[in-house]
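Structure first, commentary second.
Note on naming: letters A, B, ... go to the chains in the order of the sequence lines (proteins, then strands), and numbering restarts at 1 for each one. Source: prediction; values computed, not measured.
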Amino acid sequence: MFLALEERLRESVASYVSAKYGSGAPVVVELPRRPEFGELALPLCFGLAKRLRREPRKIAEELAANLPAIAGIRSIEAAGGGYLNVRFDRGAYALAALSPAAAAADKAKIADKAKIIVEHTNINPNKAAHIGHLRNAVLGDTLVRMLRALGREVEAQNYIDNTGVQVADVAAAFHFLERRSPQAVAALAADPDIAFDRYCWDLYAAVSRRYAERPQSLSWRTQALSAIESGTGELAALGRVVSDAIVDRHLDTMLRIGVEYDVLPRESEILGLEFWAAAFALLKQRKAVYLETAGKNAGCWVMPAENFRDAPAGARPDRERPLDEEAAASASKVIVRSNGTVTYVGKDIAYQLWKFGLLPGKDFHYAPLRRYPSGRQAWVSTADAGASAADAAAPAFGSGAEAYNVIDARQAYLQDVVRAALRLLGYERQAARSIHFSYEMVALSPRCCAELGIELAEEDRKRPYVEVSGRKGLGVKADDLIDRLIDTAYEEVRDRHEDLSEAACREIAEQIAVGALRYFMLRFTRTTVIAFDFAEALAFEGETGPYLQYAAVRAKNILRKFEETAGAPPDFSTALSPQAWSRHLDENLWQLLLTASRSRWAISRAAAAGEPAQLARHAFELARTFSNFYHQYPVLKEADRERQTVLLSIARYVLDELKSLLAVMGIPAPDAM
RNA sequence: GCGCCCGUAGCUCAGCUGGAUAGAGCGCUUGCCUCCGGAGCAAGAGGCCGCAGGUUCGAAUCCUGCCGGGCGUACCA
């Protein structure tokens, strides 16, 4: 609704201005900073002023007087130093916003049908998920939901690095430290009394300590790594048992917060089905990599640094000291190690190529992994063509037109290397559409460390925050945080609802916990380091998920109580005339309705900016405006029937829009709180 | 050293492609239940937007240089 009108305004003004002043510049439309300034503002006269060498205010006045009428817009006036303030025809706008046609018209405008692949979560399957992984999953899942809400086809992929060092370390720990067989570990993983992911969390920290204390035990890692890569032997079997069981736990954890995946491509298949071999052949053929013969990288296949660094120091003429050979070698990126095994970057290059359908003749086989309660089916890659019945039924994964890689900012360097590989292979367009959707880490605040009883090293004590480290076992586990959120919410719900059963309270508490957690992760822009603090994460008041949920509950209550006492409400889309709207639509009501009507605009703006936090902000603004309305307008006590219908229809409309915003953020809308 | 990110109210953060009087939440102070549940509403105090230059009619926003802080720069991912 809002989007359509904004579009119409932009086009109309642009064509008039280009005809009158010959300016082809795109017309920028912004939200006025104060409501008195109208619904939209055009700052274009400032730009015109320069070209025309006239005062912006004068141009604005001229435009305001001469612009042709635009349907749905009541007035355009000059304001301030040269703004054009635009006011809508409120009655007509309200009527249109509430009509089912408005929503349908928005949905019909799907710009692009091409498939988008969003890769997120990507947790090493060797230990329990922690809060950093939650940020990744919430950002990724919200991105998926935003794009889907805008009508795009989106494939959610969760890449499983089941052949890397981290899994090798835990496999080695079971083998060498605990002397357990794959069968014994499988039994451990199946034991309902043992949280296997937590068990591995501790074991991973233990083996890392062991490496630090006795470096010679690092040979365990080497043995495990090569066993896993060849796929044979006890250590390889351990690796499989560990990673499969942990992946299952991760899916459980993520499902708790409403995160689902379409497909889990695994690194074992990148290797086993020779995706990597095919990619390596391409890289060699294009001379994107070469075999280093001297220096510290001797025996490795490397990619020279100038391919992925825009301005290497040696290439800059203003630098007096050019890069010497030693430095050049150390800046190169090793793709294949001297022992012949491939690094993560190499495997990721193969994966990215597959995502864009650039490995001819290569595809995974698939096996069904789990069916979500929502009905969505998750698949996992497999090398085994034997499961052919299911395999044949699997959707066509991969071959996307665009890929978002939700990966934390610390991996920017590796992402640059992967993109450089695409470019070197001649896939310039795909490289440009392989987007590193980066975000800063979640660290632990000093207070949080104190609360967890973590003893900090001397140098860490002075820091503003401490990095989470799986290797050190330092962090807050995702499930622990979710449990605490539920417990805290449960106490609150219990206090407020003596009428509800324990199970009902529990369900509401879970919804509140998810709302609190997801909103917490979304409030921050992607470039902000979150210094995690329990007090902040567990807050349910102010700008929090539960505040938004509470606004929805209040709207539901109004409508429910109305129905209980007065029967079915009228059809709001037809019950009121534009005149009726104009009679009752005061400034507050108008601002509320207007804010609600901007939800789709907010989604597309947040998607375009790649910043889910903007969406969170908008949803909060809507909830806040509604809370004010709730307090100020006693809907059920309203004696004037027509006025009551206006109020009710606004409540209905806000509820619908708020629910759709919550859904895009993956936040449940409880019936009661 | 080089690259990227951050520095805005006591604290935690917004501020969209430069635009109108710099915003929110928490905390603090003060009001508000004859109520559709207060996880709320209203009001108030609180800001050399790190510093210094520059570009511009106009800079929290763009450029340069400093000063703090973080991350990266692995044959880990």
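- If you check every strand for non-hydrogen atoms under 4.0 Å, A/A298 touches a base.
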Notebook entry, point to check: Could you go step by step and tell me if A/L648 and A/V635 meet the side-chain contact (heavy atoms from CB on, under 4.5 Å) rule?
Noted result: CA-CA 7 Å; A/L648 276 170; A/V635 179; 3.8 Å; yes
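- Using bins of under 30°, 30° to 60° and over 60° for the plane-to-plane angle, the ring pair A/W601/A/H618 lands in the perpendicular bin.
- Between A/E543 and A/R617, at least one side-chain nitrogen of the basic residue sits less than 4.0 Å from a carboxylate oxygen of the acidic one, meeting the salt-bridge criterion.
- Heavy atoms of A/F524 sit under 4.0 angstrom from primed sugar atoms or phosphate atoms, though from no base atom.
- Both thresholds, 5.5 Å between centres and 30° between ring planes, are not jointly met by A/Y547 relative to the base of B/A39, so the two rings are not stacked.
- Within 4.0 Å of A/I335, counting heavy atoms only, lies no atom of the nucleic acid at all.
- Remark: P of B/G37 and OH of A/Y550 are 8 Å apart, rounded to the nearest angstrom.
- No contact: A/L559 has no heavy atom under 4.0 Å from any strand.
- A/Y413 and A/F308 have perpendicular rings, their planes meeting at more than 60° on a 0 to 90° scale where under 30° would count as parallel.
- Nucleic acid contact class of A/F620 (heavy atoms, under 4.0 Å, all strands): sugar-phosphate only.
- A/R410 contributes no side-chain N or O that forms a donor-acceptor pair with the base of B/A77 under 3.5 Å.
- Annotation: cation-pi pair A/R598/A/F2 present, NZ/CZ under 6.0 Å from the ring centroid and within 45° of its normal.
- Atom-to-atom, CD of A/E563 to P of B/C36 comes out at 18 Å; the value is rounded to the nearest Å.
- In this structure, A/R135 forms no cation-pi arrangement with A/Y439, as its terminal cationic atom is not both closer than 6.0 Å to the ring centre and no more than 45° off the ring axis.
- Salt bridge A/E491/A/R496: absent, no basic N to carboxylate O contact under 4.0 Å.
- A/R34 comes within contact range of at least one nucleobase, with a heavy-atom separation under 4.0 Å.
- One cannot find a donor-acceptor pair under 3.5 Å joining the base of B/C13 and the side-chain atoms of A/T528.
- Judged by distance alone with a 3.5 Å cut-off, a donor-acceptor contact links the side chain of A/N85 to the base of B/A20.
- At a threshold of 4.0 angstrom between heavy atoms, the contacts of A/Y465 are confined to the sugar-phosphate backbone, with no base atom among them.
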Tabulated below should be each protein N or O lying under 3.5 Å from an N or O of nucleotides 42-47 of chain B; please produce it.
| from | atom 1 | to | atom 2 | distance (Å) |
| --- | --- | --- | --- | --- |
| B/A42 | OP1 | A/N628 | ND2 | 2.9 |

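- Residue-to-nucleotide contacts include a donor-acceptor pair under 3.5 Å from the side chain of A/R605 to the base of B/C16.
- Relative orientation of the A/Y630 and A/F626 rings is tilted, given thresholds of 30° and 60° on the angle between their planes.
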Check: Where does RNA chain B pair, written as one dot-bracket string 5' to 3', with Watson-Crick or G-U pairs under 3.5 Å, ( ) inside the strand, [ ] for crossing pairs and | for another strand?
Finding: (((((((..((((.....[...)))).(((((.......))))).....(((((..]....))))))))))))....
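- B/C4 atom P lies 20 Å from atom CD1 of A/I407, rounded to whole Å.
- Counting any heavy atom pair closer than 4.0 Å across all strands shown, A/V28 reaches a base atom.
- In this structure, A/D460 places its CG atom 15 Å from P of B/G69, rounding to the nearest Å.
- Distances from the side chain of A/Y413 to the nucleotides B/A77, B/G70, B/U73 place B/U73 closest.
- Rounded to whole Å, atom C1' of B/A39 lies 12 Å from atom OH of A/Y630.
- Rounded to whole angstrom, the span from the CG atom of A/L548 across to the C1' atom of B/A24 amounts to 13 Å.
- Rounded to a whole Å, the CG atom of A/L538 is 15 Å from the C1' atom of B/U12.
- Between A/E451 and A/R447 no salt bridge is recorded (no basic side-chain N to carboxylate O distance below 4.0 Å).
- A/I270 is listed as a side-chain neighbour of A/Y159, based on a closest heavy-atom distance under 4.5 Å.
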